[in-house]
S.K.: 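Handing you this structure, nothing more for now.
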2 protein chains.
Amino acid sequence: MKLAVTVHDVARRAEVSVSTVSRSFTMPELVQASTRERVLEAARALGYRPNRAARSLITGRTANIGVVVPDLANPFFPSVVKGIQARARESDYAIFLADSEEDPRLEAELIYAMAKQVDGVIVCSARMGDADLKRVSESTPLVLLNRRYANLPAVLMDTADGSRQAVQHLAALGHTRCAFLSGPPTSWSNKERRRGLRLAARAFGVEVVELGPFAPNFDAGLQAADIAIAAEVGAIVAFNDLMALGVLSRLNQRGLSVPDDVSVVGFDDIAMASMITPSLTTVAMPTEASGRAAVESLVDQLAGRGDADGGQHQRSVPTQLIVRASTAPPGHPVSNQWDGRKPLSRKGR
Amino acid sequence: MKLAVTVHDVARRAEVSVSTVSRSFTMPELVQASTRERVLEAARALGYRPNRAARSLITGRTANIGVVVPDLANPFFPSVVKGIQARARESDYAIFLADSEEDPRLEAELIYAMAKQVDGVIVCSARMGDADLKRVSESTPLVLLNRRYANLPAVLMDTADGSRQAVQHLAALGHTRCAFLSGPPTSWSNKERRRGLRLAARAFGVEVVELGPFAPNFDAGLQAADIAIAAEVGAIVAFNDLMALGVLSRLNQRGLSVPDDVSVVGFDDIAMASMITPSLTTVAMPTEASGRAAVESLVDQLAGRGDADGGQHQRSVPTQLIVRASTAPPGHPVSNQWDGRKPLSRKGR
DNA sequence: ATCATTCTTACAAACGTTTGCAGAAACTGT
DNA sequence: ACAGTTTCTGCAAACGTTTGTAAGAATGAT
């Protein structure tokens, strides 16, 4: 089926040595234009594709990068992976993907298994402990995404600033008391979001009550909504959009109007956020951009450029609040100017 | 950083030859228990991991499988990939992932680029033409997912039967006239869904009007809803859930009640389908199962078992209608028994 | 004790590349 | 015409495995 056409076949047809064929591809400027032409022609005619296994055996480079994600079913990660894969292809890297199924042990195991066939691996929202992380990082070049450890290269979404934007937005609308529905306690993102929230709360004179922790999904949002309402807040900031969607659903079910009775803000800006009614105000995470940044960081590291820039291994990439229809000034009276901004709203009654 | 510990190092430490080390791993029964023990001990002490590039160079097998998807951002595909990756790992395969960005040319190119470092590739919803497909299939073992070509191995979701279930469901509710919002004309899934719909329409005495084609997304659903209403149908079957969500949104916006005024059915059963209000009746596609099936098909093919079973290369995997709150008997009068089935519905007025 | 048989292990040749080294050819300036 | 450069190409040795062949040791049958 797959008839292996090797460098030797090409060499024979072009009547040159194998080294010339090899060089025609990897160091074209070293071989005379006319012969190079002849070689390339022969290669094309034969359908030659270099065997990367053989190449990597001698060069030590594989031109592959590994990617580990906790759960592909979480819409956040495919988006990151998409960014990674696009940027990787630009630098002629292919990507190896592994799903750790949220299992910290499996996570480390997968990285070890990959190690030999990749030049480095990007670990998204690493769940494993610091000890494992340290060990793994000693055997393979790593880039962390949304996780910080020692001074391992990392790209970190500036989610704390996203919190600031959310609070500032709510404060500007006139809110003075809001709830934060906390996510998984071990999550770096959750810590950052909470930290940012506290800082901003003080700065803008908003009182924040922290509830939870909750699981970062729709059902937890249903549960959390009641608790938030009982806390008598005018606005709810959920750990992520899935939770926020749950909150929206439950509030609606209880006959409370969003944003008239209570404002809701999420994190992530998943596709659904703009499709739901009312559309969700949320902090957009730069998923694709971060994926790209992670690849760049890894490529730099592999090229030895990592240490050049004074140990500046951790890049922060900005987040942005997307204001939609789920936030408004507090209190029942609905000003007309707000009606105009939620044309899809069902709250006409 | 990555200190290469080779089979030679292990051999030296265990005081045996390299071949014995190799065989201790690949054909353990051929080496005496005592020496094997010594070898494994040495390997563990040194942290030896076989270099797969070197191995594949000689064996011709890579233990990798390639996966090509049109668009990772479409929630359908991560789910398939998850199934693939889980099943692949069970058979000690790692997966290579590539996103073709819906570009048929890039699709073929990616497969060629992968070819040398994988044993075979799974192409999901292939967008490329038959000619390219033929050419590619001659250079690499392929398994198609939701695409049929000649007698290439394929796993096909029985989406036509899903259509049948949807129509039968609507007929049982008393519907006699419904719309199908068609998806991309070149899509195999679209053809199948339409085919199944026509068949079932005749069998169950339901009149189906076909509208479209539309893009398979939310915005197209907004657009399509009005057209369907103008066609005076009592039920709408959308090409996929995203479109159905758009339909729901637009109907709501126009003051029409779902399911009281019109019933809506989607395809795919994306996570959102059960979170929205009213929750969406939809035909669940066996995404993970299909991913697994594709891997099995590929593994069989690679083991040479492919031809044994009489050319039965194309497996069909069943779909299932999930009845939720977006379908009900036609007409305005709402029977009480239906109120009970949509507790989350906002339609209390 | 001898021979045939089975076990166990080592040697060395592959696999398809890349690359250091050196030789050949073509220029250059005198 | 000659030595000194530069440009181009080929030879052969790696890279880390697997595996066919064969040699030595141990076993069993005669």
Side-chain angles (χ1 to χ4, degrees), chain A residues 2-40 42-43 46-64 92 94 113-119 139, chain B residues 2-40 42-43 46-64 92 94 113-119 139:
Chain A
K2 43 162 63 171
L3 46 157
V5 33
T6 79
V7 72
H8 289 94
D9 302 321
V10 178
R12 200 170 315 121
R13 182 181 238 261
E15 297 178 309
V16 294
S17 74
V18 293
S19 22
T20 302
V21 175
S22 173
R23 274 188 272 259
S24 295
F25 285 97
T26 56
M27 339 177 78
E29 70 285 359
L30 281 192
V31 31
Q32 201 178 2
S34 58
T35 36
R36 182 185 344 128
E37 181 53 38
R38 199 147 38 91
V39 169
L40 296 183
L46 265 43
Y48 168 72
R49 297 249 162 189
N51 181 326
R52 305 183 69 157
R55 172 181 294 178
S56 82
L57 187 55
I58 180 103
T59 60
R61 293 187 58 250
T62 61
N64 297 147
D92 278 323
M114 278 182 167
K116 276 285 171 34
Q117 35 193 353
V118 302
D119 294 337
S139 76
Chain B
K2 44 161 59 171
L3 45 156
V5 32
T6 80
V7 74
H8 289 95
D9 302 322
V10 178
R12 200 172 314 123
R13 183 181 237 260
E15 296 178 311
V16 294
S17 74
V18 292
S19 27
T20 302
V21 175
S22 173
R23 275 190 263 263
S24 296
F25 286 97
T26 57
M27 340 179 79
E29 70 284 359
L30 281 191
V31 31
Q32 202 177 1
S34 60
T35 35
R36 183 185 344 130
E37 180 53 39
R38 199 148 37 91
V39 169
L40 295 183
L46 265 42
Y48 169 71
R49 297 245 162 191
N51 181 326
R52 305 184 70 160
R55 172 180 294 178
S56 80
L57 187 55
I58 180 105
T59 61
R61 291 188 60 252
T62 61
N64 297 147
D92 279 322
M114 278 182 166
K116 276 287 175 28
Q117 35 194 350
V118 302
D119 294 336
S139 75

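Just so we're on the same page: letters track the sequence lines, and every chain starts at 1. Here the structure is a predicted model, which means the values were calculated and not measured.
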S.K.: Could you state the CD-P distance from Glu37(B) to dT9(C), rounded to the nearest angstrom?
M.R.: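 Atom CD in Glu37(B) sits about 13 Å away from atom P in dT9(C).
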
S.K.: Do the side chains of Glu29(A) and Met27(A) get nearer than 4.5 Å, heavy atoms only?
M.R.: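 Yes - at least one pair of side-chain heavy atoms lies under 4.5 Å apart.
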
S.K.: Report the distance from atom CZ of Arg12(B) to atom P of dA10(C), rounded to the nearest whole Å.
M.R.: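 Value for this atom pair: 14 Å.
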
S.K.: From the options Val31(B), Val21(B), Val10(B), select the one residue that forms a side chain to side chain contact (heavy atoms under 4.5 Å, CB included) with Val16(B).
M.R.: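 Checked Val31(B), Val21(B), Val10(B) against Val16(B); only one passes side chain to side chain contact (heavy atoms under 4.5 Å, CB included): Val21(B).
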
S.K.: Find the distance Arg36(B):CZ to dT8(C):P and express it as a whole number of Å.
M.R.: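 These atoms are roughly 9 Å apart.
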
S.K.: Starting at CG of Leu57(B) and ending at P of dA13(C), how long is that distance when rounded to a whole Å?
M.R.: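 Those two atoms, CG and P, are 17 Å apart.
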
S.K.: Between Val18(A) and Ala33(A), name the one whose nearest nucleotide on DNA chain D is closer to the 5' end.
M.R.: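 Looking at the nearest nucleotide for each, Ala33(A) comes out on the 5' side.
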
S.K.: Say you draw a straight line from CZ of Arg38(B) to CD of Gln32(B); how long is it, rounded to the nearest 0.5 Å?
M.R.: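 Between Arg38(B) CZ and Gln32(B) CD, I get 9.0 Å after rounding to 0.5 Å.
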
S.K.: Pick base, sugar-phosphate or nothing for Ser19(B), based on heavy-atom distances below 4.0 Å to the nucleic acid.
M.R.: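 The answer is base, as Ser19(B) lies within the cut-off (heavy atoms under 4.0 Å) of a base atom.
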
S.K.: Would you say a side-chain N or O of Ser22(A) is under 4.0 Å from OP1 or OP2 of dT18(C)?
M.R.: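 True: Ser22(A) side-chain N/O within range (under 4.0 Å) of dT18(C) OP1/OP2.
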
S.K.: Looking only at heavy atoms, what is the nearest atom pair of Arg52(A) and Ala63(A), with distance?
M.R.: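 Residues Arg52(A) and Ala63(A), closest heavy atoms: NH2-CB, 2.7 Å.
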
S.K.: Any base atoms under 4.0 Å from Phe25(A), or only sugar-phosphate, or nothing? Heavy atoms, all strands.
M.R.: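 No contact.
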
S.K.: Would you give the length of the straight line joining atom CG of Leu40(B) to atom OG1 of Thr35(B), rounded to the nearest 0.5 angstrom?
M.R.: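 Output value for this atom pair is 9.5 Å.
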
S.K.: Please determine whether a side-chain nitrogen or oxygen atom of Gln32(B) lies at a distance below 4.0 Å from atom OP1 or OP2 of dT9(C).
M.R.: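 For Gln32(B), the contact criterion (side-chain N or O under 4.0 Å from OP1 or OP2 of dT9(C)) is met.
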
S.K.: With heavy-atom distances below 4.5 Å as the criterion, would you say the side chains of Arg12(A) and Asp9(A) are in contact?
M.R.: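 Yes, their side chains come closer than 4.5 Å.
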
S.K.: Would you say the side-chain atoms of Thr20(B) and Ser17(B) include a donor-acceptor pair closer than 3.5 Å?
M.R.: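 On atom types as modelled, these side chains qualify, holding a pair under 3.5 Å.
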
S.K.: Check every nucleotide of DNA chain D for an atom under 4.0 Å from a heavy-atom of chain A, then give the first and the last such nucleotide from 5' to 3'.
M.R.: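 Contacts span dC8(D) to dG16(D), reading 5' to 3'.
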
S.K.: Just checking Thr20(B): base, sugar-phosphate only, or nothing, at a heavy-atom cut-off of under 4.0 Å?
M.R.: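 Sugar-phosphate, backbone atoms only, no base.
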
S.K.: Within the 4.0 Å heavy-atom criterion, would you say Arg23(A) contacts the bases, only the backbone, or no part of the nucleic acid?
M.R.: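 Base, at least one base atom sits under 4.0 Å.
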
S.K.: By the 4.0 Å heavy-atom rule, please label Thr35(B) as base, sugar-phosphate, or nothing.
M.R.: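 Sugar-phosphate: the residue Thr35(B), judged by heavy atoms under 4.0 Å, touches backbone atoms but no base.
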
S.K.: Which is more 5' along DNA chain C, the nucleotide nearest Ile58(B) or the one nearest Ser34(B)? Just name the residue.
M.R.: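 Mapping each residue to its closest nucleotide by heavy atoms, the 5'-most match is Ser34(B).
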
